[in-house]
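Worksheet: the structure to be examined is printed underneath.
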2 protein chains.
Amino acid sequence: MNISHVELRHLRLLAAVADSGGLTAAAERLHLTQSAVSHQLKGLEDALGLPLVERAARPVGLTAAGRRLLALAHATLPQVEAALRDLAKLKDGEAGELRVAVECHTCYDWLMPAMDAYRDVWPAVELDLVGGFQADPLALLSERRADLVVTSDGVSRPGLTLLPLFGYEMLALLPPGHALEKKKLLLPADFAGQTLITYPVPEARLDFVRRVLAPAGVKLARREAELTVAILQLVASRRGVAALPAWAVAPYLERGYVLARRIGPQGLWAELYAAVRADDAARAYVADFVETVRRESFARLPGIRPLALHQVAAVPR
Amino acid sequence: MNISHVELRHLRLLAAVADSGGLTAAAERLHLTQSAVSHQLKGLEDALGLPLVERAARPVGLTAAGRRLLALAHATLPQVEAALRDLAKLKDGEAGELRVAVECHTCYDWLMPAMDAYRDVWPAVELDLVGGFQADPLALLSERRADLVVTSDGVSRPGLTLLPLFGYEMLALLPPGHALEKKKLLLPADFAGQTLITYPVPEARLDFVRRVLAPAGVKLARREAELTVAILQLVASRRGVAALPAWAVAPYLERGYVLARRIGPQGLWAELYAAVRADDAARAYVADFVETVRRESFARLPGIRPLALHQVAAVPR
DNA sequence: ATTCAACATGAGAAATATTCATGAAAAAAA
DNA sequence: TTTTTTTCATGAATATTTCTCATGTTGAAT
């Protein structure tokens with residue numbers, strides 16, 4: 001490869017490496033294998049005749065050359081994205097209606113900033129939130145009462161398209177000084193006898209119950225609270241334990257308000273999707289909403305990871 | 001191809017098409033076949049779902065989408081080049097000495113602006129012009145009295161590397177009202193009996209004599225002048241005819257001062273190379289000087305064309 | 001010392017880009 | 001108008017590049 005064959009691909013690669021702190025993490029984010037990232041980075045370094053990434057450190061460090069190229073990436077990639085957005089508007093029009101319904105309580109944490117960012121670049125799209133609890137949120141789509149539903153239900157339905165958003169880790173929350181404090185990770189049996197504090201939703205919608213406790217035959221007393229802060233309040237005051245997304249509790253963890261423990265050896269990972277009507281999936285303003293949510297979330301939220309490109313999720317061409 | 005696979009290659013392509021006014025000309029400039037350009041452009045248009053280039057017109061026109069993408073190209077490509085230059089400096093150092101010798105009289109026309117542009121981006125390189133007429137300019141390199149020689153001699157010598165600059169057309173110049181005025185193109189025999197006005201150099205160095213008149217056995221009276229304006233002055237005042245590079249006479253042609261005619265059916269094309277010592281060819285500040293000359297010349301000079309990548313001209317990696 | 005996580009590497013497979021050999025259409029020339 | 005020339009398009013074959021798979025290496029943590 002020649003120096004004049006530097007491509008946006010390389011800039012995206014370097015940005016991903018720098019941002020995620022390692023080649024393996026970058027590979028996951030780019031939906032490539034670690035090997036591909038390693039090869040490509042080496043190819044780029046060889047072409048330039050300069051090392052870019054110091055692999056020894058963790059998170060990996062950049063050399064002076066790497067920092068210069070990263071500066072280029074930061075300068076050019078947003079320009080490219082803005083141009084592609086303009087082209088999408090030229091193609092599909094600037095306007096549209098996007099009524100967003102959200103199934104999960106904590107999702108407002110990241111949805112609001114994402115919607116703000118989205119409004120900046122798609123000012124002509126009428127963006128609404130469909131409120132209230134829904135027994136079957138996906139039905140809102142076919143009923144045309146919503147255009148996009150954020151759901152953790154990864155099962156596709158006819159007529160709907162699922163666009164993967166991200167995977168996130170659920171952490172078990174304990175008050176400081178709790179009996180389980182010394183354990184590094186918690187197994188289903190450890191929870192026996194505890195009270196579980198949750199949002200007021202049916203157990204079937206609680207990943208922690210459905211995927212961890214129920215399979216192990218553990219049944220806990222439950223107590224409900226509407227708001228994330230209220231749940232944390234209850235945990236902190238030793239009324240029980242809870243399981244919440246890592247991102248939702250990160251600020252409270254920092255202050256030592258509550259403690260977090262991994263659930264199971266690999267952790268308990270849940271997934272979020274944006275469901276849309278199949279014929280809406282290719283619309284530029286819809287696709288870019290999903291893209292914006294992804295980008296903003298990865299920039300903001302700790303403990304989330306990319307989702308493999310789904311069988312159902314045909315990325316709009 | 002997906003919309004998110006837009007690469008710098010595509011921006012370079014579009015810039016070349018827009019700048020050169022057609023796919024074929026763009027292909028030549030990019031050192032690709034016309035077919036490759038057509039395929040690549042079609043691939044890009046398909047990926048975006050939008051046409052970019054209106055092929056009917058000549059020079060080809062851009063659609064609104066094409067103009068938006070060209071704006072992106074103009075915004076990002078210079079940033080990329082600046083970054084690559086910085087990386088080259090990081091690798092090889094910022095400084096160096098570059099003594100440039102020029103064989104051809106008219107070359108100063110484009111050399112000065114190119115040197116100005118070069119000085120802006122390589123301020124630490126000591127840039128000098130080696131003046132005076134040289135019997136064997138390439139000898140200056142081995143004698144280390146110059147570091148780069150602009151020559152029209154495309155024959156490689158051991159220890160030297162030839163970097164192709166560009167090809168240019170030589171035009172025959174006539175005073176308005178000359179007997180040859182009505183001919184669209186001039187053949188060697190047409191010149192019989194004319195006086196040829198040239199720079200004061202041996203006939204062997206005059207492409208027009210060496211490659212057109214001499215092979216046809218035509219021998220003309222000669223008259224010499226030092227400066228391009230002086231030659232034009234003599235032609236205009238009917239003292240003879242001349243053959244000069246198209247770019248050197250373009251401004252005078254516009255004013256109808258003299259007339260220009262193509263020499264032979266294909267025209268008389270000459271070539272310019274930058275010769276450097278082989279071990280200097282890979283130095284970043286040397287390679288970028290050549291690149292700057294090319295870029296500036298193509299932006300400024302009419303009637304020039306890219307030179308095929310030469311067997312000798314190993315582009316520095 | 002062992003294990004684990006992260007990166008490197010060679011070989012083969014897959015995807016992509018380029019060329020070659022034409023064809024079609026439009027402009028220029030006869 | 002017909003012919004020629006120029007320019008772009010296209011399908012098939014080829015070349016090149018990129019990616020994955022399988023495995024090796026390294027360094028840090030247990």
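Numbers restart at 1 for each chain; the letters A, B, ... are given by sequence-line order, proteins then strands.
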Q) Once you round it to whole Å, what is the distance between C1' of C:dA17 and CG of B:Leu44? A) 14 Å
Q) Within a reach of under 6.0 Å around NZ of B:Lys42, are more than 12 heavy atoms found that belong to other residues, nucleotides or ligands? A) no
Q. OP1 or OP2 of D:dA28 less than 4.0 angstrom from a side-chain nitrogen or oxygen of A:Arg58, does that happen here?
A. no
Q) Whole-Å distance between D:dT16 P and A:Asn2 CG? A) 15 Å
Q | A:Thr24 side-chain N/O to C:dC7 phosphate OP1/OP2 under 4.0 Å | A | yes
Q. Over how many whole Å does the gap from B:Leu32 atom CG to D:dC8 atom C1' extend?
A. 15 Å
Q) Rounding to a whole Å, what distance do you find between B:Leu41:CG and C:dA17:C1'? A) 14 Å
(Q) Check this for me: does any side-chain nitrogen of one of A:Arg9 and B:Glu7 sit under 4.0 Å from a carboxylate oxygen of the other? (A) yes
(Q) Can you tell me how the ring of B:Tyr252 sits relative to the ring of B:Tyr257, calling it parallel under 30°, perpendicular over 60° and tilted otherwise? (A) tilted
Q | d(CG, B:Leu52; P, D:dC8) in whole Å | A | 15 Å
Q. Any donor and acceptor pair, going by atom type alone, linking the side chain of B:Arg29 with main-chain N or O of B:Ala16 inside 3.5 Å?
A. no
Q) So, is B:Arg55 near the phosphate of D:dT7, with a side-chain N or O under 4.0 Å from OP1 or OP2? A) no
Q | N or O in side chain of B:Gln34 less than 4.0 angstrom from D:dT7 OP1/OP2 | A | no
Q. If you look at every strand shown and take non-hydrogen atoms under 4.0 Å, does B:Val17 touch a base, only sugar-phosphate, or nothing?
A. nothing
Q. Is A:Arg300 close enough and on-axis enough to A:Trp247, meaning under 6.0 Å and within 45°, for cation-pi?
A. no
Q) What nucleic acid atoms does A:Ser35 come within less than 4.0 Å of, heavy atoms only: base, sugar-phosphate, or nothing? A) base
Q: Figure out the NE2/P separation between B:His39 and C:dA21, and round it to whole Å.
A: 14 Å
Q. Once you round it to whole Å, what is the distance between P of D:dT10 and CD of B:Glu45?
A. 11 Å
Q: May I have the distance from A:His5 (atom NE2) to C:dT18 (atom C1'), rounded to whole angstrom?
A: 12 Å
Q: When you get a sec, tell me which of D:dC19, C:dA8, C:dC20 is the closest nucleotide to the side chain of B:Thr33?
A: C:dC20
